[in-house]
Number of protein chains: 2
Amino acid sequence: MSEEDRAAARERVIESMEQSAEVYGLSRSAGRIYGVLYFSEEPLSIPDLVDETGYAKSTISNVTRTLTRIGMVRRRSSDGGGRRVRYTAVREIWFILQDVFQQYVQREIQTTLRTIQRAQAQLPDGNEPETEQIEELRATYEDLEEVVSLVSEFTAAELRDALESYDR
Amino acid sequence: MSEEDRAAARERVIESMEQSAEVYGLSRSAGRIYGVLYFSEEPLSIPDLVDETGYAKSTISNVTRTLTRIGMVRRRSSDGGGRRVRYTAVREIWFILQDVFQQYVQREIQTTLRTIQRAQAQLPDGNEPETEQIEELRATYEDLEEVVSLVSEFTAAELRDALESYDR
DNA sequence: CAGTTTGTTCGGTACGCTCCGAATGAACGA
DNA sequence: TCGTTCATTCGGAGCGTACCGAACAAACTG
């Protein structure tokens, strides 16, 4: 009975992770696999994950690779010298979000900013409308670049504190 | 010659907006349409946008609707009482990002947090592993919720200042 | 050395999304 | 009233992605 409750609670949270995964540009399977690993105390092998999730072996193989690449999961390779690969979830959600932030948002902002700067350098600085608009864009993106680069140095609690205690 | 340069600069930035649109879950057409509107001084009608972008009328119609819905574009309906709808870009990128943040990230975090809280309430607070893991999840998501809700009250420059001046 | 288990890769299918063109529906001007 | 110009909607083509099953490669087990 208690075990059933725990399983139900796990399942709810895992379903929520499936949804979150979609929001962050991952597949539902990635969300579920991460969720199962999140609640598992021991590392799980690919066959284990096949049993737990019902996905095909190939799907597990592919998804675990991308999860490993983006740092949501760790390969605990060859525990006792065995060939069996085993995975654990990285449970620090904040670190994961920071990584996603760096790899997607920060990168995107940097390339955009560079494009804007190049376009601006090429423009004669007369007072055509473009000049002013691009200048405004550049200013915003410079603030943004600084903000996202700073965010990646904070913990969630620090960030919260910094914003709460800031007095305008 | 100067006009060509300006056109080239515009085109570069617009291409960059196409890419950014994809990163933020929009279509390339949405990025281009927004970009054309961004650099246009007068509001543009759908036929105007067809000419400027080369997209089909139906595409423009659909995309402008979603851009309007998420607040990147404004419908300046019926200027002289005419039936012609005209669009302008909302140029304050920071406001747009805040809206996206609110509509996607904040909403996602809130529903996740609520799921976690419900799962936690249902669990007997023994010391099973699930209890602790869900508790940790909840703490992180509560910080996150507070952070994103605060972010939507700051300007980009304020945010930058708050993070730069925070002393740990 | 077979036979088994494990992990990756490859081709294929199903589904959703983007965009187009055509049809439909309104409003305007003669 | 009729033709024209706009805007929306609908069906469909093209394309990328998620996932599956099968084939394959590599390592352990007897």
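Just so it is clear, the structure is predicted and the values come from calculations on it, not from any experiment. So that the names make sense, note that chain A is the first sequence line, chain B the second, and so on, each numbered from 1. All heavy atoms count here, side chains included; hydrogens, waters and symmetry mates do not.
Within a 6.0 Å sphere centred on CZ of A/Phe95, other residues, nucleotides and ligands contribute 12 heavy atoms or fewer.
At least one donor-acceptor pair closer than 3.5 Å links the side chain of B/Gln98 to the backbone N or O of B/Phe154. No donor-acceptor pair closer than 3.5 Å links the side chain of A/Ser16 to the backbone N or O of A/Arg12.
Near DNA chain C, meaning a heavy atom under 4.0 Å from it, residues 47-67 of chain A has A/Pro47, A/Lys57, A/Ser58, A/Ser61, A/Asn62, A/Arg65 in order of number. Residues from residues 29-36 of chain A lying near DNA chain D, meaning a heavy-atom separation below 4.0 Å, are A/Ser29 in numerical order.
A 4.5 Å side-chain heavy-atom check between A/Gln106 and A/Phe101 finds every atom pair outside the cut-off. Considering only heavy atoms from C-beta on, B/Leu49 comes within 4.5 Å of B/Leu37 through its side chain. The closest side-chain heavy-atom distance from B/Trp94 to A/Leu144 is below 4.5 Å. In this structure, B/Gln117 and B/Leu113 have side chains that are in contact, with non-hydrogen atoms separated by less than 4.5 Å.
Distance B/Arg28 CZ to D/dG16 P: 12 Å, rounded to the nearest Å. Atom-to-atom, CZ of A/Arg84 to P of C/dT8 comes out at 13 Å; the value is rounded to the nearest Å. Atom CZ in B/Arg86 sits roughly 13 Å away from atom C1' in D/dC6 (whole-Å rounding).
With rounding to the nearest 0.5 angstrom, the CZ atom of A/Phe39 is 10.0 Å from the CD atom of A/Glu11.
Closest to the side chain of A/Ile46, from the set D/dC19, D/dT8, C/dT8, is C/dT8.
At C/dC19, one or more side-chain N or O atoms of B/Ser27 fall inside 4.0 Å of OP1 or OP2 (strictly under the cut-off). Checking the phosphate oxygens (OP1, OP2) of D/dT8, a side-chain nitrogen or oxygen of B/Arg75 falls inside 4.0 Å.
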